[in-house]
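Right, one structure below, let's go through it.
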2 protein chains.
Amino acid sequence: MARERKFSMDELFSAVKELLLIHGYEGFTFSLLADRLKVSRGALYKYYENKEELITDYMITELNQFLTDLQKIEHCEGFEAKFDFLMNLIFDMPEVQQLIKIAVQIPVNVNEKVRENKAHLDKLHLEMYTHLQSFINLGKHEKKLKAHIADGLILGFIFQTIAIPNHFGIPHSEWVTSIKEIISHGMFTNN
Amino acid sequence: MARERKFSMDELFSAVKELLLIHGYEGFTFSLLADRLKVSRGALYKYYENKEELITDYMITELNQFLTDLQKIEHCEGFEAKFDFLMNLIFDMPEVQQLIKIAVQIPVNVNEKVRENKAHLDKLHLEMYTHLQSFINLGKHEKKLKAHIADGLILGFIFQTIAIPNHFGIPHSEWVTSIKEIISHGMFTNN
DNA sequence: TATCAAAGTGACACAACTGTCACCTTTTCT
DNA sequence: AGAAAAGGTGACAGTTGTGTCACTTTGATA
C-alpha cells in the first residue's frame, strides 16, 4: 500500500556516482541530485538525513559489488589467470580508486549512522586488501612477481594505472593490452 | 609608498595549493583562504575578483615553475639520463597531475581574465607535452622504449604512477627506486 | 469505494559563500 | 606635517545550500 517511487535505488546511486565524480565530495549537493532525478529536494530527505549518509550508503553498495566480483578470483587457477581476471575487473570499474579517495574526505562527526557506515566501509576496504594481499602472496610464491617490491606498491600500482586518463583516445583493447604489458614487463626494451 | 602586505605572493599561493588539494575546486572558498592567511575576506578581493582568477593565476605560476625545471632536461645526455632526471623532477612535484585535473574543472565563462588564464594554461600544458614528446621520441629512437606502446600511454603512465599514495609508509628512497624499476621493467620476474 | 501509508511538494528559517564598498591604517614621498 | 597610494576591515545585500514540516498525491488493500 504505497505510491510508486519516481526513482529506483539504482537510478539514485548511479546519479550519486555521476555527480560525485564530476563535482567531488564538497561540490555534491542535494539540490544537484534532486534536479538530476527530477524530484523535489525534500523527497530525498525521506531516505537520507544528509549527504554524508547518502554517499556512504552508496559507497557501501559499490564496494560490496566490487568485492563480490573480486571473490570470483578464486575460481582462476594460478597467478597469471588471477592477474588477468583482476586487470579486467578493475578495468570494468575504473572509478573505484577515485571513489575510495572521496570516501576518505567524508567527515565522521555528522551522526551515528555516518560513523557506522564509515566503519563498515573501512571493513570492506580492509577485506578488499586482504584478498589482494593473498593474490600478491601467490604471485611472489610462484616467483612470478618480483619479491623485493613492497606489496603496498604493487597494489597501488595496479589500481592507479587503471585510472590513467586516455586523453588521446587510444582504442580500448590496445590500451588494456599495453597497460598489462607495462605493468608486467615495463616500457623499456630488453637490450 | 604603500603599506606592508600581511602575506606574500608565495604564502598566498602555497595556501591556495594546500586548500585546493584538501578541498578540491568546489570546496575551495575565499573564506577558507582568508582564515588560513589571517586576513579579512575583503582583502583578497583587492587582488582577485573571484576564485577562478586566483586559482588559474596560481596554476600558471606552478606550471611555469614546472616547465622551467623541465627545460633543464636538455642538459642530460642520452635517454637514460633524461629518464632519471624526469622521474626525480616529477617526484618533487607529485601534485602537478592532480592540479591539472582540478584546472580542467574551472569554468571558462566567468570573465575575460579567466578565459585568458585558461588559454595560457592550455598553452603551457601543450608546451609541457611537446617537451615530453621529444623525450619519448628519443627513447624510441635509441630503442630504449618499446616502439609499439602509444606515446600518450607512456606519458600518462609516468605521470600517474608518481601519484600512487604511499599508504603503508614505505621509505621514500625504496619507493622511488621500486617505481622506477616497475616502469622500466615491470613487476614480473623474467622467468 | 474508502482508507491509509508511502511518496512527493513547496515554503520557511537558518547558515555559508559571494561581491562590493565606505571607511580606516600604514607607509613613503615631498 | 600632509598628501597620496596601497593594504586591510566589517557590514550589507544577494545567492545557494540545508533541514524540517504541514500538506497533497498516489495506489494497493480491506
Side-chain angles (χ1 to χ4, degrees), chain A residues 1-16 18-58 102 105-115 117, chain B residues 1-16 18-58 102 105-115 117:
Chain A
M1 40 167 75
R3 178 176 173 179
E4 200 186 358
R5 285 178 57 164
K6 294 178 96 179
F7 57 88
S8 68
M9 225 48 186
D10 270 10
E11 286 166 327
L12 173 66
F13 282 167
S14 104
V16 171
E18 186 185 314
L19 294 176
L20 264 184
L21 290 175
I22 294 176
H23 299 279
Y25 168 66
E26 308 214 31
F28 178 94
T29 67
F30 268 33
S31 311
L32 270 172
L33 183 58
D35 283 356
R36 171 60 211 272
L37 292 171
K38 305 219 171 99
V39 145
S40 78
R41 202 168 45 82
L44 297 175
Y45 284 91
K46 294 276 149 135
Y47 307 97
Y48 294 100
E49 283 186 25
N50 50 56
K51 73 172 179 176
E52 285 76 19
E53 271 185 34
L54 166 55
I55 293 175
T56 48
D57 221 51
Y58 153 68
I102 291 175
Q105 289 185 54
I106 302 172
V108 127
N109 309 321
V110 178
N111 64 33
E112 191 48 40
K113 190 71 179 23
V114 174
R115 250 187 304 281
N117 279 354
Chain B
M1 42 166 75
R3 179 177 171 178
E4 199 186 359
R5 286 177 55 162
K6 293 178 98 179
F7 55 89
S8 69
M9 225 48 186
D10 269 11
E11 287 166 326
L12 173 65
F13 283 167
S14 102
V16 170
E18 185 184 316
L19 294 176
L20 265 185
L21 290 175
I22 295 176
H23 298 279
Y25 169 67
E26 308 215 31
F28 178 95
T29 68
F30 268 33
S31 311
L32 269 171
L33 183 59
D35 283 357
R36 171 59 211 274
L37 292 171
K38 304 220 172 99
V39 144
S40 77
R41 203 168 45 82
L44 298 175
Y45 284 91
K46 295 275 151 141
Y47 307 97
Y48 295 100
E49 284 186 23
N50 49 57
K51 74 172 178 176
E52 285 76 19
E53 272 185 33
L54 167 55
I55 292 174
T56 50
D57 221 50
Y58 153 68
I102 291 175
Q105 289 185 54
I106 302 172
V108 127
N109 308 322
V110 179
N111 64 32
E112 191 48 42
K113 190 72 179 22
V114 173
R115 250 187 303 282
N117 280 353

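Per chain, numbering begins at 1; letters A, B, ... match sequence-line order.
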Could you list all N or O pairs between the protein and nucleotides 13-17 of chain C that sit under 3.5 Å apart?
none

Handout entry: Selected nucleotide, minimal atom distance to Ser40(A) side chain, candidates dG19(D), dG8(D), dG10(C)
Key = dG10(C)
[X] [atom1] to [N] [atom2]: how many Å, rounded?
X         : N       : atom1 : atom2 : result
Tyr45(A)  : dC21(D) : OH    : P     : 13 Å
Tyr47(A)  : dT9(C)  : OH    : P     : 10 Å
Glu53(B)  : dT20(C) : CD    : P     : 10 Å
Lys38(A)  : dT9(C)  : NZ    : C1'   : 17 Å
Glu49(B)  : dC21(C) : CD    : C1'   : 14 Å
Leu54(B)  : dG19(C) : CG    : C1'   : 15 Å
Asn111(B) : dT18(C) : CG    : P     : 15 Å
Leu44(B)  : dC21(C) : CG    : P     : 17 Å

Exercise for the section: Could you tell me which non-hydrogen atom of Glu52(B) sits nearest to which non-hydrogen atom of Ile106(B), and how far apart they are? Expected result: CG-CG2, 3.8 Å
Fill in the blank from the handout: Heavy-atom closest pair (Leu33(A) atom, Leu19(A) atom, distance to 0.1 Å) is CA-CD1, 3.6 Å
Practice task
For Tyr48(B), answer base if it contacts any base atom (sugar-phosphate contacts may also be present), sugar-phosphate if it contacts only those atoms, and nothing otherwise; contact means non-hydrogen atoms under 4.0 Å.
Solution key: nothing
Problem - For Glu26(A), side chain to side chain contact (heavy atoms under 4.5 Å, CB included) partners two or more places apart - result: Gln105(A), His23(B)
Exercise for the section: Would you mind telling me which residue lines up with the more 5' stretch of DNA chain D, Phe7(B) or Gly42(A), judged by nearest nucleotide? Expected result: Phe7(B)
Exercise for the section: With DNA chain D as reference, determine whether Arg5(B) or Glu52(A) sits nearer its 5' end, using the nearest nucleotide of each. Expected result: Arg5(B)
Exercise for the section: State whether Lys6(B) places a side-chain N or O below 4.0 Å from either non-bridging phosphate oxygen (OP1 or OP2) of dT26(C). Expected result: no
Problem - Side-chain N or O of Lys46(A) closer than 4.0 Å to phosphate OP1/OP2 of dT9(C) - result: no
Practice task
Please check if the distance between the ring centroids of Tyr58(A) and Tyr48(A) is under 6.0 Å.
Solution key: no
Problem - Validation row, ring centre Tyr45(B) to ring centre Phe30(B) under 6.0 Å - result: yes
Practice task
Is it possible for you to check whether Lys38(A) lies under 6.0 Å from the centre of the six-membered ring of Phe7(A), through NZ or CZ, and within 45° of that ring's axis?
Solution key: no
Problem - Under 3.5 Å donor-acceptor pair, Arg3(A) side-chain atoms to dA7(C) base atoms - result: yes
Practice task
Tell me yes or no: between the side chains of Glu53(A) and Asn111(A), is some donor less than 3.5 Å from an acceptor?
Solution key: yes
